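Below are the structure tokens for one structure; questions will follow.
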Amino acid sequence: MRTQRARAEDFLELVERGRRGRLKLYIGFAAGVGKTYRMLEEAHALKKRGVDVVLGFVEPHGRPETEALVVGLEAVPRKSFTYRDVTVEEMDVDAVLARKPQVAVVDELAHTNVPLCRNAKRYQDVQELLAAGINVIGAFNVQHLESLNDLVERATGVTVRETIPDSFLKSADQVVNLDLAVEDLHERLRAGKIYAPEKVAHALESFFKQENLSTLRELALREVAESLDRATTGQQTRGGEEPSAKGGGWGRVLVALSSYPPRAATLLRRGSRMAGRLNTDWFVVYVETPDEAPHLIDAEAQRHLLANIEKAKELGAEVVRLRARDPVEALLDFARSHGVGHIIVGRSHQPWWKQWLGRGADVRLLREGTGFDIHVVSFDSPQEERRP
């Protein structure tokens, strides 16, 4: 029996991982379900047990019940920034790092920081705290998950512009869903416990419509269930048991990325969702043909391509760039050698006569991709790619 020799780098990785803080996330399906309230309750409970806990950033939104729970907890003063003659308060990351509590409570993780901050998003501030060994309890609503962006817009008609990559959710050690019956949420809304009275009627006619909230509630329940499933699979694997059939190296997901930029973000979100459901790794593969060498692609297409590659990394994909004359052959060779089970490709934008002759990439993959599940994504309208 051969014993695998552990590398020094492997041990160092374990040491570094041990230094990181733990992340607990509260997920809701709408404002007013009680995320901030529950976080503050937990902060008080931790303080009673002798844990050093501070409020990194909490926004009560003028709700008396929530404001009452802020009392008695240490809050790190916010940092003021003046941008375009407007003063904005953000979480003071450096102050929290200097204070170095055991636990920091941070609300509204999808928030976009003012451009003067070093991190674009608040969840990135949290990643800094975690890297420094500070444990974080945070919260956000499910509609802010990047991979759900298109689905939420189609289901509710609302465009969510502030998003969190799915990889951030997957990095959490604990995920808690704050569920509430839609009728109870409506009752809270009408009682003025969520928004000011003058905003209630508009909220009930727009985002807080029964069908919207029901859809978002279902998404939240499903997301937390999948997170628990991923955690259970990981624990079984670490315990020496066989990984489940949907995990591991079998059935990985591959998204074929083209230099043709429209709708790429939709493909990436679809790949992220599928990989999350299958609890497996996923790749984004771009094949550079001789006709698509960097000096031959116009500057705008190159910019879109680089932006889509960064988006793929943000969503947790491993990005691979290949050079080949035949992109379909290169994609299939890569898929066969990397345990891919699912290939996602957009419907071909090539001229109709090439598609009729079976020369479109999607048609060729369907014809030649024996042994793979080929998912050809159709796009409803040009609105799909308003957010590259």
Side-chain angles (χ1 to χ4, degrees), residues 147 150 246 248-278 280-382 384-385 388:
S147 68
D150 299 318
K246 67 178 181 177
W250 185 88
R252 289 170 173 160
V253 176
L254 183 155
V255 174
L257 186 65
S258 166
S259 61
Y260 183 71
R263 305 184 176 96
T266 300
L267 286 178
L268 296 177
R269 294 184 187 111
R270 189 70 61 89
S272 176
R273 294 298 301 160
M274 182 175 290
R277 289 199 179 102
L278 295 174
T280 191
D281 302 325
W282 67 297
F283 304 98
V284 169
V285 180
Y286 166 63
V287 182
E288 180 188 303
T289 65
D291 294 335
E292 294 177 325
H295 65 283
L296 297 177
I297 300 179
D298 65 74
E300 184 178 2
Q302 188 75 267
R303 180 174 59 82
H304 278 292
L305 177 61
L306 293 174
N308 288 325
I309 287 174
E310 285 305 308
K311 175 64 69 178
K313 292 177 181 177
E314 189 178 89
L315 286 169
E318 180 179 338
V319 179
V320 179
R321 296 184 70 150
L322 304 175
R323 288 188 176 90
R325 289 189 175 277
D326 186 346
V328 172
E329 184 179 323
L331 285 169
L332 291 174
D333 285 345
F334 179 89
R336 291 186 186 103
S337 63
H338 286 77
V340 169
H342 304 266
I343 299 176
I344 299 176
V345 62
R347 191 174 295 282
S348 177
H349 63 276
Q350 291 183 339
W352 67 267
W353 60 269
K354 282 192 175 184
Q355 298 183 47
W356 185 74
L357 291 172
R359 292 169 61 184
D362 52 350
V363 176
R364 284 191 58 200
L365 281 170
L366 287 167
R367 187 175 64 234
E368 301 172 27
T370 305
F372 299 103
D373 287 348
I374 310 295
H375 306 262
V376 181
V377 178
S378 181
F379 306 99
D380 297 332
S381 70
E384 289 280 357
E385 188 63 14

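Throughout, residue positions are numbered sequentially from 1 according to the sequence presented. As the structure is a computational prediction, the values presented were derived from the model and not from experiment.
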*Applying salt bridge (charged side-chain N to carboxylate O under 4.0 Å, His left out), name anything that partners Glu329, two or more places apart in sequence or on another chain.*
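Applying salt bridge (charged side-chain N to carboxylate O under 4.0 Å, His left out) to Glu329 gives none.
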*Do Thr280 and His342 touch side chain to side chain, with heavy atoms closer than 4.5 Å?*
no
*Can you tell me how far CZ of Arg273 sits from CZ of Arg269, rounded to the nearest 0.5 angstrom?*
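Atom-to-atom, Arg269:CZ and Arg273:CZ are 12.0 Å apart.
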*NE2/His375 to CG/Leu366 distance, rounded to the nearest 0.5 angstrom?*
10.5 Å
*Heavy-atom pair of closest approach, residues Val328 and Glu368*: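 Looks like CG1-OE1, 4.0 Å.
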_Using 0.5 Å steps for rounding, measure from the CG atom of Asp326 to the CG atom of Leu331._
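Going from CG on Asp326 over to CG on Leu331, the span is 9.0 Å.
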_Run the salt bridge (charged side-chain N to carboxylate O under 4.0 Å, His left out) test against Arg336 and tell me which residues pass, sequence neighbours left out._
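With neighbours one apart ignored, the set is Asp333.
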*Quick one: list whatever passes salt bridge (charged side-chain N to carboxylate O under 4.0 Å, His left out) with Glu318, sequence neighbours left out.*
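Counting only residues at least two positions away or on another chain, Glu318 forms no salt bridge (charged side-chain N to carboxylate O under 4.0 Å, His left out).
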*asked:* By the definition side chain to side chain contact (heavy atoms under 4.5 Å, CB included), identify the one residue from Leu315, Leu267, Val253 that meets it with Ser272.
replied: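 Per the side chain to side chain contact (heavy atoms under 4.5 Å, CB included) rule, the option paired with Ser272 is Leu315, out of Leu315, Leu267, Val253.
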*Mind listing the closest non-hydrogen atom pair of Trp282 and Leu268 along with its distance?*
CH2-O, 3.5 Å
*Please report the C-alpha distance between Leu365 and Leu332 in whole Å, then the side-chain angles of each, then the deciding distance to 0.1 Å, and finally whether the side-chain contact (heavy atoms from CB on, under 4.5 Å) criterion is met.*
CA-CA 8 Å; Leu365 281 170; Leu332 291 174; 3.9 Å; yes
_Closest non-hydrogen atom pair between Val284 and Ala312, with its separation_ = CG2-CB, 3.7 Å
*Only one of Val255, Asp373, Leu254, Ile374 clears side chain to side chain contact (heavy atoms under 4.5 Å, CB included) with Ile344; which?*
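Checked Val255, Asp373, Leu254, Ile374 against Ile344; only one passes side chain to side chain contact (heavy atoms under 4.5 Å, CB included): Val255.
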*Hey, what do you get for CZ (Phe283) to CZ (Arg252), rounding to the nearest 0.5 Å?*
5.0 Å
*Please examine the side chains of Leu305 and Arg321, heavy atoms only from C-beta on, and report whether any two atoms are closer than 4.5 Å.*
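SC-SC contact between Arg321 and Leu305 confirmed.
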_With rounding to the nearest 0.5 angstrom, report the NZ to CG distance, Lys311 to Leu257._
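So the NZ of Lys311 and the CG of Leu257 are separated by 13.5 Å.
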